[in-house]
Asker: 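Just dropping this structure here.
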Amino acid sequence: MTLQEKLKLYRINETEYARITELLGREPQGVEWAVFSALWSEHCSYKSSKVHLKKLFSQSERVLQSFGENAGIVDLGEDEKVAFKMESHNHPSFIEPYQGAATGVGGILRDIFTMGARPIALANYLCFGKPTADRMSELVDGVVRGIGGYGNCVGVPTVSGQTNFHESYDGNILVNAMAVGLFTKDDPICLSQAKGVGNLVVYVGAKTGRDGVHGASMASESFDEDSESKRPTVQIGDPFFEKLLIESCLEVMKQDLVVAIQDMGAAGLTSSGFEMADKGSIGITLNLDHVPLRDETMTPEDVLLSESQERMLLICKPEKLKPLQDIFHRWGLDAVAVGEVIEDPVVRLIWKGETLTEMSPKMVVDNAPQYERPFNPWTSATRSEHGEISDGDVNNESLLATLSHVTGGDKSWVYKQYDQRVGANTAQDCSNPVGAVALPSGRALGVVLGCRPHIMRQDAWLGGMDSIAYPAIELASKGFEALATTDCLNFGNPEKKEVMTEFVAALDGMNKACEAFVAPIISGNVSFYNETLDKGVSPTPSTGLVGLRPSIDNIPASGFTSEGNSVVLVTLAKGCSQGLLWENQNKQGQFFFDTELAKLAQDTKNFAQVVNSLDVTASRIVGNFGLAYTLSRMTLDRGLGARIQWDGPAGLEPLYQVVLTVADTQKERLLSSLASHNIDATVIGVVTGDRLIWNDLDLSTRDIKESYASSWTKAFPRLS
């Protein structure tokens, strides 16, 4: 094989090849190509984003673990802690939607229980193309079945999510999975730092197969006409094995049999072995021929790069190997010593007694390229300096059209495929904007996903900021205080200046909002090269926020609950966008935002406290398509309508307002409490009857519900 053929096969450019030969003092040989290919891929090394990620706000008094481990951890107090993280499985899901999405769920779960936390909740953020786009019905069906098929079988409820549709995702869908795990009193936190010369390196879990070979490097490039040929790089998952792995890993950690542990995720044994050694500033040996295999014809390179699922690499003391193996064998899983920790700071790869190579892990991991890709300072073309923005035309016909469109209509078909109640701790499921899980202490943990791609398409800085502020306010509307953030930054080709410009601007907006809300980013993932045939996706920095509420009881509903309740509009910021209403009409919208983030964050915190101190019967943030659409969504659950008397905009998307309902006897107390915090609030109507009446709007709640429910059947008749 010629040098150029090798560079193409291992996805290494000539500059990187020159750097590798400089580090080694010679040309790479044998499996060294595979090691550098995997660990220097965009997916593993973050080589185009690391210089910017280093600037992120990532600490608070609650944060126990931030970047550098499998997941971040926050302290909830009262002997409770949570670990959580979000990651992408975009490329595998486009190539093979069922297994791509399923193994995305499996991988993110392993990131959680690797830390020692028991998984308690899942969430997902999905972006699909137009329903009429090629393969889109197949992609939607496969992804949703994959998520449900894995999460349901492994026994972890899916409590929150977001699903978007836009033509920019026609050739490259986004599948981002989030998982949350709980530590209770005496549960140990386990890290991945190899240590203890003479300790054993132990492979546990399922056997290794050829699935997923070169998966990390495949996820680090754009798609072309040959994308279908990459199906062999997609992993194959088994949720029942994962359930066994969860229980066995938690058991050996609880019994103090583990020194360090690492999930075999992207790049498999290569990344787990080299990264564990690098973190511990120590060496390890790996006898690749000792790895349990499904296919005995596999080569050392196959073993190194396989991304077969449900596997872990751990370090244990020699005297603890037997009790550790006994536990894994009792659960029906392999547990094999494949190496040991050595003083010499190298990773020594051995195959049938022959040393294939030994390389310093720091040379490979710490010397991965870090590119400062060119970008421009962010300037906005759609910002209105004076806030003079026209409202959209909202009447009976246009509102029903929005409700029956796939972007504004019912997406319950998606989350009805998921088990949302397994474990019996779900307090609010995917039918609500915020998922909620009951904690042993009696408090509630909130989980919510963020990022509105249409705001990103309008302005990258605003969209990045909104991906934090919007879900933080959603949490507050249910009485939760946002604690911390995980993210999945989905962008196109970072070698294009316009893509890096959007990336840097969005990250700056996110970072400023995280700092203001004291919701640090403690884990996450960057997914670049989300483009096909030179067309990239909308920049999409999805986020997952967790929040805490003092009680699981009396979380406000998301729709109207009782006739006679007052409808109150709470305004937390001066700002609005012409948003999706204009975009769906193929018009370029404008936005206006003139609020200090520090004030917005403080008002949001005070707002959450007010919600908790009063009997708020329902709450919903005014989001996509504006207030008229939000009110129509609030009629769906019980068929109750409202009579609105307010002269504000019906179709503009405010940044940021919330609709509350309270009993009429609570109205003055609510207004007084909000006024004491200098938060604007106005009574705009009353819950009554079975019609939504506001100026030119006069619709029965039955017509609203029928239009909303019809959207999925119109978009995906085969999936209804």
Asker: Taking the side chain as every heavy atom from C-beta outward, state whether V202 and V338 have any atom pair closer than 4.5 Å.
Answerer: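 Result no, sub-4.5 Å side-chain heavy-atom pair not found.
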Asker: Less than 4.5 Å apart, any side-chain heavy atom of M465 and any of L597?
Answerer: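 A side-chain contact under 4.5 Å exists here.
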Asker: Can you name the side-chain hydrogen bond (donor to acceptor under 3.5 Å, both in side chains) partners of N525, sequence neighbours left out?
Answerer: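 side-chain hydrogen bond (donor to acceptor under 3.5 Å, both in side chains) check on N525 returns Y46, S88.
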Asker: Decide side chain to side chain donor-acceptor pair (under 3.5 Å) for T114 and N70; before the verdict, give the C-alpha distance in whole Å, the side-chain angles of both, and the deciding distance to 0.1 Å.
Answerer: CA-CA 7 Å; T114 304; N70 290 287; 4.8 Å; no
Asker: Taking only Lys NZ, Arg NE, NH1 and NH2, and the carboxylate oxygens of Asp or Glu, determine whether E474 and K478 approach each other closer than 4.0 Å.
Answerer: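 Looking at E474 and K478, the cut-off is not met.
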Asker: Would you tell me whether N164 and Y125 have side-chain atoms, one donor and one acceptor, within less than 3.5 Å of each other?
Answerer: yes
Asker: Looking at every non-hydrogen atom in both residues, tell me the closest pair between P550 and N612 and how far apart they are.
Answerer: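 It is CD-ND2, 3.6 Å.
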Asker: Quick one: NE2 on H91 to CG on N530, what's the gap to the nearest 0.5 Å?
Answerer: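 Going from the NE2 atom of H91 to the CG atom of N530 covers 5.0 Å.
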Asker: Thinking salt bridges, do R330 and E247 make one under a 4.0 Å N-O criterion?
Answerer: no
Asker: Could you list all the side chain to side chain donor-acceptor pair (under 3.5 Å) pairs where at least one residue sits in residues 479-489, not counting sequence neighbours?
Answerer: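 Counting only pairs at least two positions apart or across chains, the side chain to side chain donor-acceptor pair (under 3.5 Å) contacts touching residues 479-489 are T486-S523.
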Asker: For M312 and C249, work out which heavy atoms get closest and say how close.
Answerer: CG-SG, 4.1 Å
Asker: If the threshold is 4.0 Å, N to carboxylate O, is there a salt bridge linking E80 and R443?
Answerer: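 Yes, charged N to carboxylate O under 4.0 Å.
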Asker: Give the intermediate values and the outcome of side chain to side chain donor-acceptor pair (under 3.5 Å) for residues Y656 and D466.
Answerer: CA-CA 10 Å; Y656 297 91; D466 180 79; 2.8 Å; yes
Asker: Got S48 and R373 here, is their nearest side-chain heavy-atom distance under 4.5 Å?
Answerer: yes
Asker: Please identify which of these residues, V347, I315, I284, meets the side-chain contact (heavy atoms from CB on, under 4.5 Å) condition with M276.
Answerer: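 The option that passes is I315.
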Asker: Ion pair present between E242 and R110, side-chain N to carboxylate O less than 4.0 angstrom?
Answerer: yes
Asker: Is any NZ, NE, NH1 or NH2 atom of the basic residue among K81 and D75 found under 4.0 Å from an Asp or Glu carboxylate oxygen of the other?
Answerer: no
Asker: Does atom NZ of K50 have more than 12 heavy-atom neighbours from other groups under 6.0 Å away?
Answerer: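 Buried by this count: over 12 neighbours within 6.0 Å.
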Asker: When you look at CD of E319, are more than 12 heavy atoms from neighbouring residues, nucleotides or ligands closer to it than 6.0 Å?
Answerer: yes
Asker: Using the rule given for side chain to side chain donor-acceptor pair (under 3.5 Å), can you reason through N490 versus N90, listing the C-alpha separation, both sets of side-chain angles and the distance that settles it, and then say yes or no?
Answerer: CA-CA 9 Å; N490 307 275; N90 305 335; 2.9 Å; yes
Asker: Give a yes or no on whether a salt bridge exists between K322 and D326, defined as a side-chain N under 4.0 angstrom from a carboxylate O.
Answerer: yes
Asker: Hey, is the main chain of G435 close enough, under 3.5 Å, to the side chain of N432 for a donor-acceptor pair?
Answerer: no
Asker: Which pair of non-hydrogen atoms, one from V154 and one from P239, has the smallest distance, and what is that distance?
Answerer: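 Result for this residue pair: CG2-O, 3.6 Å.
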Asker: Determine, stepwise, if the pair S192 / K279 fulfils side chain to side chain donor-acceptor pair (under 3.5 Å).
Answerer: CA-CA 8 Å; S192 58; K279 290 174 184 176; 2.8 Å; yes
Asker: Run the salt-bridge test on D187 and R118 with the 4.0 Å N-O cut-off and return the result as yes or no.
Answerer: no
Asker: For T604 and F517, run side chain to side chain contact (heavy atoms under 4.5 Å, CB included): C-alpha distance rounded to whole Å, both residues' side-chain angles, the deciding distance at 0.1 Å, then the answer.
Answerer: CA-CA 8 Å; T604 301; F517 282 86; 3.7 Å; yes
Asker: Could you tell me if the side chain of P541 sits less than 4.5 Å from the side chain of L489, heavy atoms only?
Answerer: yes
Asker: Does S360 reach the main-chain N or O of M363 with its side chain, forming a donor-acceptor pair under 3.5 Å?
Answerer: yes
Asker: Does K605, at its NZ atom, have more than 12 non-hydrogen atoms belonging to other residues, nucleotides or ligands within less than 6.0 Å?
Answerer: no
Asker: K195: what forms a side-chain hydrogen bond (donor to acceptor under 3.5 Å, both in side chains) with it, not counting sequence neighbours?
Answerer: none
Asker: For D344 and V346, indicate whether the former's side chain and the latter's backbone hold a donor-acceptor pair under 3.5 Å.
Answerer: no
Asker: So does K362 pair up with D278, basic N to acidic O under 4.0 Å?
Answerer: yes
Asker: One pair to check against side chain to side chain contact (heavy atoms under 4.5 Å, CB included): T543 and L545. What are the steps and the verdict?
Answerer: CA-CA 7 Å; T543 58; L545 275 67; 3.9 Å; yes
Asker: Just so I know, are the side chains of L507 and N511 near enough to count as touching, which here means a heavy-atom distance under 4.5 Å?
Answerer: no
Asker: For residues S619 and S558, determine if any side-chain heavy atom of one lies less than 4.5 Å from a side-chain heavy atom of the other.
Answerer: no
Asker: Do the side chains of I189 and F183 get nearer than 4.5 Å, heavy atoms only?
Answerer: yes
Asker: N152 side chain to G148 main-chain N or O, any donor-acceptor pair under 3.5 Å?
Answerer: yes
Asker: Please answer whether the main-chain N or O of A206 pairs with a side-chain N or O of E310 as donor and acceptor at a distance below 3.5 Å.
Answerer: no
Asker: If you measure only the distance, is there a donor-acceptor pair under 3.5 Å linking the side chains of Q602 and N606?
Answerer: yes
Asker: For the CD atom of Q162 and the OG atom of S542, what is their distance to the nearest 0.5 Å?
Answerer: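 Nearest 0.5 Å value for the CD-OG distance: 8.5 Å.
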Asker: Between R311 and Y203, is NZ or CZ placed under 6.0 angstrom from the six-membered ring centre and within 45° of the ring axis?
Answerer: no
Asker: For the residue pair P345 and P361, what are the closest heavy atoms and their distance?
Answerer: O-CD, 3.4 Å
Asker: Less than 4.5 Å apart, any side-chain heavy atom of F67 and any of L53?
Answerer: no
Asker: Which heavy-atom pair separates I73 from M115 by the least distance, and what is that distance?
Answerer: CD1-CE, 3.7 Å
Asker: I'd like to know if the side chain of S308 pairs up with that of S306 as donor and acceptor (distance under 3.5 Å, no hydrogens or angles considered).
Answerer: yes
Asker: Ignoring hydrogens and geometry beyond distance, is a side-chain donor-acceptor pair present between N554 and S551 at under 3.5 Å?
Answerer: no
Asker: Please report the shortest heavy-atom distance between V159 and T426, naming the atom on each side.
Answerer: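 Shortest heavy-atom contact: CG1-OG1, 3.9 Å.
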Asker: Would you give the length of the straight line joining atom CG of L286 to atom CD of E340, rounded to the nearest 0.5 angstrom?
Answerer: 11.0 Å
Asker: Side chain to side chain contact (heavy atoms under 4.5 Å, CB included) between H43 and V526: does it pass, once the steps are laid out?
Answerer: CA-CA 7 Å; H43 193 73; V526 178; over 6 Å; no
Asker: Find the distance between CG (L200) and CG (L314) and round it off to the nearest 0.5 Å.
Answerer: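 CG of L314 is found 10.0 Å from CG of L200.
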Asker: Can you tell me if K47 uses its side chain to pair, donor with acceptor, with the backbone of W40 under 3.5 Å?
Answerer: yes
Asker: Please test F607 against H677 for side chain to side chain contact (heavy atoms under 4.5 Å, CB included), starting from the C-alpha separation and ending with a verdict.
Answerer: CA-CA 8 Å; F607 175 54; H677 295 293; over 6 Å; no
